[in-house]
Amino acid sequence: MQTTAHKKYVIIGGVAGGASIAARLRRLDEQADITMLERGRDVSFSNCSLPYFLGGEIEDASWLKLVSPEDFWQRYRIKALTRHEALSINRKDKTVLARDLNEGTDLTLQYDKLYLSPGAMPILPASVPGINLPHVFPIRNVEDVERIDGYLKKHKVRDIAVIGGGFIGVEAMENLHAAGYKISLIDMAPQVMLPFDEDMAQLLHKEIIDQGVELILGDGLKSIQAKDVTLSSGKKVPAQAVIMAIGVRPETALAKDAGLDLGETGSILVNRLMQTSDPDIFAVGDAIEVTSMMTGKKQRLALAGPALRQARVAAGVPYGQLGLIPQVLGASVLRVFSLNAASVGLNERQCQQEGLDYAVSFVLPMDRVGIMPHASPMFFKLLYTKGSGLVLGAQAIGRGAVDKRVDVIATTMRYKGTIMDLKDLELTYSPVFSTARDVVNQAALAACNDNDGFFSQVMFTKIRSLVEQGAYILDVREQEEFGYAHIKGAVNIPLSQLRDRLNEIPKDRPVHVHCRTGQRSYNAARALMQSGYDQVYNVAGSFLALSWYEYFKDRVTGREPIVTNYNFE
């Protein structure tokens with residue numbers, strides 16, 4: 001490959017985006033002059049791993065640091081200047097004015113191409129009294145988690161309020177709880193983890209409160225005091241330390257001051273080559289806006305994977321490697337104590353906002369062969385377009401490999417796949433890993449059956465209203481299961497007795513059939529549909545999903561349960 005010697009590159013910001021750009025540029029051009037400016041102490045660290053130091057899974061904070069400035073120079077001949085802040089960009093002269101924060105001196109750097117990877121800043125609302133108190137912390141870098149850990153130990157903190165139920169907030173909650181602190185998780189939204197729909201979020205809510213965390217939803221932060229926080233409702237929550245995780249805003253001041261265009265989301269506008277409105281300046285990572293593959297709309301997406309792909313594309317442009325950055329799907333996964341939760345694409349709220357004619361397939365199979373140790377249910381929700389069957393998104397929660405299943409969906413979506421494609425996918429199988437017909441296949445088959453009119457279903461979330469309306473609910477579990485726990489007012493006719501007791505089931509009203517997870521009830525629904533019943537609905541998720549869904553809501557509202565006993569296994 002032909003290269004031009006001594007090209008000058010300046011990169012503002014390290015971590016995933018900036019460091020990846022620098023390393024890629026060096027692989028493409030051994031002669032280039034590459035300088036990376038990082039305002040913080042550490043130029044390359046695993047920011048997604050930061051909360052796990054607080055919980056002790058990462059025992060030493062130094063393990064979070066991936067490549068030191070010395071390593072960058074010795075391995076790659078890249079100048080990584082930490083504690084150096086970029087103050088301004090002169091686009092006409094193609095220079096960057098930077099300040100050495102240790103020495104207080106300024107320096108000017110010339111560039112041929114400039115790369116911006118400033119990231120996003122944690123939101124600390126100035127309007128909240130007490131936001132600047134010394135026991136209030138964001139989580140953005142290694143220095144932050146070191147400060148938090150040091151403060152908690154020095155001041156013998158017991159009660160911690162985590163404000164925000166997104167990725168950082170939930171991960172901080174989990175890890176600080178594991179470290180032995182008493183945690184309150186507070187969010188003004190009605191649920192944690194907004195990528196998930198309300199029905200799926202209830203599973204996470206149950207897990208959080210079962211672990212002993214005080215979960216407070218629909219109540220925002222009003223003020224912070226030395227020993228507690230006050231919420232919008234007036235409720236006071238004990239807290240000798242406060243973790244702020246309500247979100248981030250892109251760092252765009254430098255780009256804006258340089259006259260670069262911002263997009264409709266307020267983030268830096270880039271094209272698919274990652275060029276800003278100045279073709280000699282590129283931007284990547286949390287500070288830019290990206291395009292949703294499913295809606296075509298602009299959005300922000302603070303995820304490491306997309307940032308790394310953007311960095312590779314941006315670094316290749318000066319060398320004629322014009323790989324266009326793809327639109328995003330937003331695939332993500334996290335752990336919430338014993339549960340794993342993954343999602344990709346659109347959820348129901350977004351489908352409704354977009355006016356899409358969509359449908360839902362919800363299945364609750366075991367994540368591996370049921371007789372194997374550690375087999376457990378997986379709650380799996382698949383969204384698709386009615387008629388065409390185009391896959392729109394998926395959500396999975398369980399103790400097993402939800403990431404594997406959602407990765408399959410993400411791959412299918414990337415190639416515009418349908419539920420018909422999914423049902424026939426050949427996926428790996430062993431009893432210790434999955435079932436011969438995997439969760440993904442089962443969800444797709446249920447979707448195809450529904451899409452083809454082979455049966456009709458009702459989501460478990462609708463059962464309360466059906467009970468209140470006096471609907472006919474048929475429970476086809478065995479008598480022992482029914483006796484332990486059941487929906488109030490439900491009629492129990494086990495599947496094993498169904499064909500002999502058809503005369504007990506009315507034909508002049510809708511029949512809503514359920515079992516434990518939806519499999520036996522599906523067979524019962526098909527039998528009824530072929531026996532003269534034309535208003536039969538299988539309850540997707542059935543009693544197990546209903547128990548998880550109703551549990552948290554009943555505890556919070558104090559309402560009368562519609563089940564005689566919750567059943568979570």
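As the structure is a computational prediction, the values presented were derived from the model and not from experiment.
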Looking only at side chains, do [X] and [Y] share a donor and an acceptor under 3.5 Å apart?
{"X": "D367", "Y": "S376", "answer": "yes"}
{"X": "Q395", "Y": "N347", "answer": "no"}
{"X": "Q519", "Y": "S521", "answer": "no"}
{"X": "T230", "Y": "K236", "answer": "yes"}

request  = Apply side-chain contact (heavy atoms from CB on, under 4.5 Å) to the pair M529 and S456, showing each step before the final yes or no.
outcome  = CA-CA 10 Å; M529 291 169 66; S456 297; over 6 Å; no
Hey, does [Y] have a side-chain heavy atom less than 4.5 Å from the side chain of [X]?
{"X": "V360", "Y": "E348", "result": "yes"}
{"X": "S343", "Y": "S332", "result": "yes"}
{"X": "K553", "Y": "E198", "result": "yes"}
{"X": "F460", "Y": "H514", "result": "no"}
{"X": "L528", "Y": "L502", "result": "yes"}
{"X": "M378", "Y": "V402", "result": "yes"}
{"X": "V192", "Y": "L185", "result": "yes"}
{"X": "M294", "Y": "S292", "result": "yes"}

Cation-pi, F362 ring and K381 (6.0 angstrom, 45 degrees) = no
query = Do the numbers put K507 on top of the ring of Y533, so that NZ or CZ is under 6.0 Å from the six-membered ring centre and no more than 45° off the axis?
reply = yes
Is there a donor-acceptor pair closer than 3.5 Å between any side-chain N or O of [X] and the backbone N or O of [Y]?
{"X": "E174", "Y": "P51", "value": "no"}
{"X": "N441", "Y": "L425", "value": "yes"}
{"X": "S430", "Y": "F433", "value": "no"}
{"X": "Q191", "Y": "M193", "value": "yes"}
{"X": "D228", "Y": "A239", "value": "no"}
{"X": "R140", "Y": "A120", "value": "yes"}
{"X": "D219", "Y": "S232", "value": "yes"}
{"X": "T564", "Y": "H486", "value": "yes"}
{"X": "N538", "Y": "Q457", "value": "no"}
{"X": "D197", "Y": "D199", "value": "no"}

remark   = Sorted by chain and number, sequence neighbours left out, ring pair (Phe, Tyr, Trp, His ring centres under 6.0 Å) with Y472 holds for none
query = For M413 and L392, which heavy atoms make the closest approach, and how far apart are they?
reply = CE-O, 3.1 Å
request  = Describe, in one word, how the ring planes of Y537 and H512 are oriented to each other, choosing from parallel (under 30°), tilted (30 to 60°) and perpendicular (over 60°).
outcome  = parallel
remark   = Result for salt bridge (Lys or Arg N to Asp or Glu O under 4.0 Å) between R335 and one of E207, E171, E57 points to E57
inquiry  = Can you list everything that forms a salt bridge (charged side-chain N to carboxylate O under 4.0 Å, His left out) with D403? Sequence neighbours excluded, please.
reply    = none
message = Go through it in stages, so that I can follow the logic: the residues are M293 and K416, the test is side-chain contact (heavy atoms from CB on, under 4.5 Å), and I'd like the CA-CA distance, side-chain angles, deciding distance and then a yes or no.
response = CA-CA 10 Å; M293 181 178 173; K416 307 289 187 182; 3.8 Å; yes
Indicate yes or no: does [X] engage [Y] in a salt bridge with an N to O separation below 4.0 Å.
{"X": "E560", "Y": "K488", "answer": "yes"}
{"X": "E289", "Y": "K297", "answer": "no"}
{"X": "R405", "Y": "D438", "answer": "yes"}
{"X": "D286", "Y": "R300", "answer": "no"}

With Q479 via side-chain contact (heavy atoms from CB on, under 4.5 Å) - residues at least two apart = N492, P494, Q497
ask   = Restricting to pairs with a member in residues 530-551, which pass salt bridge (Lys or Arg N to Asp or Glu O under 4.0 Å), not counting sequence neighbours?
value = R464-E550, E550-R559
ask   = According to the salt bridge (Lys or Arg N to Asp or Glu O under 4.0 Å) rule, which pairs have a member within residues 510-531, sequence neighbours left out?
value = E481-R520
task = Apply the ring-ring contact (aromatic ring centres under 6.0 Å, His included) test between W548 and each candidate in F543, Y566, F379; give the one that qualifies.
result = F379
All N/O donor-acceptor pairs, side-chain side in residues 157-164, below 3.5 Å, sequence neighbours left out:
unit_1, atom_1, unit_2, atom_2, d
D159, OD2, Q240, NE2, 3.2

inquiry  = Using the ring centroid of each side chain, check whether H177 and F337 are separated by less than 6.0 Å.
reply    = yes
inquiry  = Centroid separation under 6.0 Å, is that true for the rings of Y358 and Y384?
reply    = no
task = Report the C-alpha distance between F196 and I397 in whole Å, list the side-chain angles of each, state the deciding distance to 0.1 Å, and finish with yes or no for side-chain contact (heavy atoms from CB on, under 4.5 Å).
result = CA-CA 10 Å; F196 292 87; I397 296 177; 4.1 Å; yes
query = Hey, which of L221, L217, L231 is the one that makes side-chain contact (heavy atoms from CB on, under 4.5 Å) with I186?
reply = L231
inquiry  = Assess the residue pair V511 and I505 against the criterion (side-chain contact (heavy atoms from CB on, under 4.5 Å)); give the C-alpha distance rounded to whole Å, side-chain angles, the decisive distance to 0.1 Å, and a yes or no.
reply    = CA-CA 8 Å; V511 177; I505 304 172; 3.9 Å; yes
